[in-house]
Amino acid sequence: MRLAQLSKNQREVAEAVRIVPLKKRVSMIAGADVARNGKYLFGSMAVLSFPELLLLDESHAEQREPIPYVPGFLSYRELPVLAKAFSRLKKKPDLILVDGQGIAHPRRLGLASHLGVVLGVPTIGCAKSHLYGDYEMPEDARGSYTFLKSKNNRIGLVLRTRNNVKPLFISPGHLIDLDGCLCILLSVTPRYRIPEPIRQAHRMAGSRARSA
DNA sequence: GCGACAG
DNA sequence: ATCTTGTCGC
């Protein structure tokens, strides 16, 4: 599979991405993450109540890695195992927090956006580092943020979730907008740098990958 | 040609 | 992503 072909596919799928205000009231938020062990990928989803953040459900899946990691094409590697994990959830979340970018992507189709379109569920991309877009570093205090921009458009946020700790790169995935992301993020990040739903999914995927 | 480059 | 103990700071 050539990257030029995948790029074309990304541009097509990206046309289905909808950046609009959240519709439903949110009562369940899932975190999604993938861990690796050799040639296998382990995907986990943790569903937490909102705003209480208590674990309500979890699901897991594993599969051989489709393609190696290539910056800009992460979804073709991690989306399959996450979609499989999602199908195994008993409780379907109102929103999914994904470890990666949303529309803050060269072709507006980061993992969170791609997963959102495929599942038809609202998603937010929560990346630990920068991939795409221009920005200024936000102040050091938790809650401080600046905008991620592309051609004079605001495509995401660079948000400090803890004092004096590297900021997160947040961008809408699908069926949500910037205000929605901002409204949700700090509430799901009460103690650590990483949003609680993603932290839990990260630990689940990691432990399963290690014991395989 | 050079630098940047989610996980 | 992953390899990994102690250590600095609130």
Side-chain angles (χ1 to χ4, degrees), chain A residues 3-4 6-7 10 13-14 17 31-45 60-83 85 96-118 123-137 139-144 148-150 155-174 181 185 189-195 197-212:
Chain A
L3 293 184
L6 295 184
S7 286
Q10 288 181 321
V13 177
V17 174
D33 196 25
V34 175
R36 179 178 69 92
N37 185 329
K39 296 183 186 315
Y40 284 83
L41 297 184
F42 299 78
S44 293
M45 284 211 182
H60 316 277
E62 57 181 87
Q63 125 179 355
R64 270 185 82 100
E65 48 181 4
I67 61 172
Y69 167 66
V70 180
F73 299 88
L74 180 65
S75 66
Y76 297 93
R77 172 182 172 79
E78 303 195 341
L79 190 152
V81 75
L82 288 180
I96 304 175
L97 268 35
V98 184
D99 195 340
Q101 313 288 345
I103 60 171
H105 177 280
R107 291 164 294 284
R108 292 180 64 90
L109 195 75
L111 174 59
S113 294
H114 200 163
L115 186 66
V117 169
V118 169
T123 57
I124 295 179
C126 305
K128 298 182 292 300
S129 61
H130 172 78
L131 171 68
Y132 180 81
D134 307 314
Y135 69 96
E136 302 283 298
M137 201 51 113
E139 299 299 294
D140 293 331
R142 163 180 158 86
S144 298
L148 252 184
K149 302 174 188 174
S150 172
I155 58 174
L157 308 165
V158 182
L159 175 68
R160 200 77 76 169
T161 55
R162 287 207 67 186
N163 293 169
N164 310 309
V165 168
K166 289 193 305 177
L168 248 35
F169 293 77
I170 307 300
S171 58
H174 183 52
C181 292
L185 252 297
T189 314
R191 175 159 189 195
Y192 301 97
R193 177 193 179 215
I194 305 300
I198 292 183
R199 274 190 80 242
Q200 298 205 15
H202 184 77
R203 296 185 52 179
M204 291 171 184
S207 65
R208 293 177 71 87
R210 279 190 296 277
S211 65

Short side-chain N/O contact to B:dA6 OP1/OP2 from A:K128, under 4.0 Å
no
Regarding A:H174 and A:S113, do their side chains bring together a donor and an acceptor under 3.5 Å, going by distance alone? no
When rounded to whole Å, the CD1 to C1' distance for the pair A:I198 and B:dG7 reads 12 Å
When rounded to whole Å, the OH to P distance for the pair A:Y69 and C:dT2 reads 13 Å
Across the strands shown, which category fits A:G125 at heavy-atom distances under 4.0 angstrom: base, sugar-phosphate, nothing?
nothing
Between A:A209 and A:N163, whichever has its closest DNA chain C nucleotide further toward 5' is A:A209
Looking for any heavy atom pair under 4.0 Å, which part of the strands does A:A35 touch: base, sugar-phosphate only, or nothing?
-> sugar-phosphate
When rounded to whole Å, the CZ to P distance for the pair A:R191 and C:dC10 reads 17 Å
Open item on the list: Just to be sure I understand the rule, does A:H130 reach a base, reach only the sugar-phosphate, or reach nothing, if contact means heavy atoms closer than 4.0 Å?
Closed with: sugar-phosphate
Short side-chain N/O contact from A:S129 to OP1 or OP2 of B:dC5, under 4.0 Å: no
Rounded to whole Å, CD of A:E65 lies from C1' of B:dG7 at a distance of 12 Å
Do A:S75 and A:L115 have side chains that get closer than 4.5 Å, going by heavy atoms?
no
Note to self: Base, sugar-phosphate or nothing for A:F73? Non-hydrogen atoms, less than 4.0 Å.
What the structure shows: base
Between A:N164 and A:D99, whichever has its closest DNA chain C nucleotide further toward 5' is A:D99
| said: Within a 6.0 Å radius of atom CZ on A:R193, are there more than 12 heavy atoms belonging to other residues, nucleotides or ligands? | reply: yes
Taken to the nearest whole Å, CG/A:L41 to P/C:dA1 is 13 Å
Heavy-atom closest pair (A:G173 atom, A:V17 atom, distance to 0.1 Å) is O-CG1, 3.3 Å
Taken to the nearest whole Å, CG/A:L74 to P/B:dG7 is 8 Å
A:L157 atom CG is separated from B:dA6 atom P, nearest whole Å, by 19 Å
Whole-Å distance, A:Y192 OH to C:dC10 C1', equals 14 Å
Winner on side-chain proximity to A:H202, out of B:dC5, B:dG7, C:dA1, is C:dA1
field: Heavy-atom check, side chain of A:P80 versus side chain of A:L41, under 4.5 Å
entry: no
